[in-house]
S.K.: 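Have a look at this one.
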Amino acid sequence: MRVTAVYPGTFDPMTVGHIDVARRASRMFDDVIVAVAASTSKSPFFSLEERVDMATTILEELENVTVQSFGGLLVDYAAEVGSKVIVRGLRAISDFEYEVQIAGVNRHLDPEIETVFIAASQEYTFLSSSIVREIARMHGDVSEFVHPVVIESFSRRHHRALHEGNA
Ligand code: COA
């Protein structure tokens, strides 16, 4: 039986930390779906379409990984795609409490769901999407933290803001 895992997140934008988790998940499961959440409550900087397009380009060399978007409850989405495994990355002990709480909620909503935690690479425990956005907003160098396609997206946004007089 093939096991499909869902790796959900806002990915606003996807960072090298997320890529590392997706790569490791791709070695553990037959198929991995990177599920980009609409996350309207987080008011993402990049549109859902931009986040999905960037993640698709970034992960294109991982053959058993696909990228999709979802809205609503994660457990409903997992059931829709026939998955009972949710993958989450753990960067530091500070992530643990929140992640265990979410895993508990998801298991409560669907008792068949298992959450698998993958320890994120030690090198980038400080990294988060909002840190990348903050550095990019101040025109700092984020090339160590994100794929070039993300840098292009930031540049496009910056040029658009300049044209509209909001930079
Ligand atoms: N490397 C770098 N950064 C990482 C990381 C890693 N390995 N793992 C997590 N992060 C960062 C993210 O960049 C993000 O940073 P930010 O808050 O600064 O933007 C933060 O950690 C956590 O975000 P993320 O991993 O994207 O998850 P999320 O908390 O935004 O997404 C969902 C959580 C989408 C999975 C969750 O809200 C969800 O399932 N929503 C659907 C609704 C639902 O089912 N709710 C019931 C369960 S609560």
Side-chain angles (χ1 to χ4, degrees), residues 4-29 32-56 58-59 62 65-81 83-138 140 142-147 149-151 153-154 157:
T4 299
V6 170
Y7 175 32
T10 307
F11 304 115
D12 186 34
M14 179 167 274
T15 69
V16 291
H18 296 124
I19 299 170
D20 173 55
V21 173
R23 182 170 289 126
R24 287 206 253 158
S26 76
R27 295 191 201 120
M28 293 168 64
F29 301 101
V32 175
I33 301 174
V34 171
V36 183
S39 289
T40 40
S41 61
K42 262 188 146 179
S43 302
F45 176 76
F46 290 109
S47 71
L48 183 57
E49 195 188 350
E50 285 173 303
R51 287 178 283 134
V52 168
D53 287 350
M54 286 188 280
T56 304
I58 293 167
L59 301 173
L62 299 176
V65 176
T66 51
V67 179
Q68 294 186 3
S69 60
F70 79 101
L73 286 177
L74 177 60
V75 291
D76 290 342
Y77 171 75
E80 216 175 275
V81 296
S83 173
K84 295 188 188 316
V85 181
I86 293 171
V87 167
R88 294 287 288 168
L90 281 184
R91 287 164 297 175
I93 194 73
S94 49
D95 283 343
F96 187 75
E97 208 172 323
Y98 170 72
E99 291 297 340
V100 166
Q101 184 187 7
I102 304 284
V105 172
N106 286 330
R107 199 172 38 235
H108 185 80
L109 292 171
D110 181 347
E112 286 192 16
I113 286 282
E114 289 299 342
T115 301
V116 173
F117 297 110
I118 295 185
S121 101
Q122 281 296 311
E123 241 176 304
Y124 296 112
T125 47
F126 60 88
L127 193 56
S128 73
S129 300
S130 45
I131 282 181
V132 168
R133 291 196 304 275
E134 177 74 3
I135 299 171
R137 198 167 62 85
M138 307 289 182
V142 291
S143 57
E144 195 191 336
F145 308 136
V146 292
H147 185 281
V149 78
V150 175
I151 296 176
S153 295
F154 275 122
R157 278 304 189 89

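In listed order, ligands and their atoms are each counted from 1.
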S.K.: Counting heavy atoms only, which part of H18 comes closer than 4.0 Å to ligand 1: side chain, backbone, both or neither?
M.R.: both
S.K.: Test V150 against every option in V16, T15, I58 by the side-chain contact (heavy atoms from CB on, under 4.5 Å) rule and name the one that passes.
M.R.: I58
S.K.: Please identify which atoms of ligand 1 are closer than 4.0 Å to at least one heavy atom of V21.
M.R.: 7 (N)
S.K.: For ligand 1, which atoms, with element, lie under 4.0 Å from some heavy atom of L74?
M.R.: 39 (O), 43 (C), 44 (O)
S.K.: Looking only at non-hydrogen atoms, which of A37, G72, P8 approaches atom 41 (C) of ligand 1 most closely?
M.R.: G72
S.K.: Which residue in the set L127, D20, V21, I19 passes side-chain contact (heavy atoms from CB on, under 4.5 Å) when paired with S121?
M.R.: D20
S.K.: Distance under 4.0 Å to a non-hydrogen atom of F11: what atoms of ligand 1 satisfy this?
M.R.: 26 (O)
S.K.: Any atoms of ligand 1 less than 4.0 Å from a non-hydrogen atom of A120? List them with their elements.
M.R.: 7 (N)
S.K.: If we count only non-hydrogen protein atoms and require a distance under 4.0 Å, does atom 35 (C) of ligand 1 qualify as touching the protein?
M.R.: yes
S.K.: Heavy-atom contacts with S128 under 4.0 Å: which atoms of ligand 1 show up? List them by number with element.
M.R.: 3 (N), 13 (O), 15 (O), 18 (O)
S.K.: Considering only protein heavy atoms, which is closest to atom 27 (O) of ligand 1, and at what distance to one decimal place?
M.R.: R88 NH2, 3.2 Å
S.K.: Does Y98 approach ligand 1 within less than 4.0 angstrom via side chain, backbone, both or neither, non-hydrogen atoms only?
M.R.: side chain
S.K.: Ignoring hydrogens and angles, tell me if any N or O in the side chain of R88 forms a donor-acceptor pair with the backbone of P8 under 3.5 Å.
M.R.: yes
S.K.: What is the ring orientation for F145 with Y124, classed by angle as parallel under 30°, tilted 30 to 60°, or perpendicular over 60°?
M.R.: perpendicular
S.K.: Check ligand 1 against S130 and write out every atom of the ligand that is under 4.0 Å from a heavy-atom position of the residue.
M.R.: 16 (P), 18 (O), 19 (O)
S.K.: Please state which protein non-hydrogen atom is closest to atom 45 (N) of ligand 1 and give its distance, to 0.1 Å?
M.R.: L73 CD2, 4.0 Å
S.K.: Considering only protein heavy atoms, which is closest to atom 31 (O) of ligand 1, and at what distance to one decimal place?
M.R.: T10 OG1, 3.7 Å
S.K.: Which atom pair, heavy atoms only, marks the closest approach of P44 to T10?
M.R.: CG-CG2, 4.2 Å
S.K.: Could you list which atoms of ligand 1 come closer than 4.0 Å to a heavy atom of I102?
M.R.: 48 (S)
S.K.: For atom 20 (C) of ligand 1, what's the nearest protein heavy atom and its distance?
M.R.: R91 NH2, 4.1 Å
S.K.: Among all protein non-hydrogen atoms, which one is nearest to atom 14 (C) of ligand 1, and what is the separation to 0.1 Å?
M.R.: K42 NZ, 4.1 Å
S.K.: May I ask you to identify, for N106, whether its side chain, its backbone, both or neither come under 4.0 Å of ligand 1 on a heavy-atom basis?
M.R.: side chain
S.K.: Among all the protein's non-hydrogen atoms, which is closest to atom 40 (N) of ligand 1, and how far away is it?
M.R.: F70 CZ, 4.5 Å
S.K.: Should the proximity of T15 to ligand 1, defined as any heavy atom under 4.0 Å, be assigned to the side chain, the backbone, both, or neither?
M.R.: side chain
S.K.: Evaluate the side-chain proximity of F45 to R137: yes if any heavy-atom separation is below 4.5 Å, no if none is.
M.R.: no
S.K.: Short question: side chain of R51, backbone of S69 - any donor-acceptor pair under 3.5 Å?
M.R.: no
S.K.: Within the 4.0 Å heavy-atom shell around S129, which atoms of ligand 1 are there?
M.R.: 12 (C), 13 (O), 15 (O), 18 (O), 19 (O)
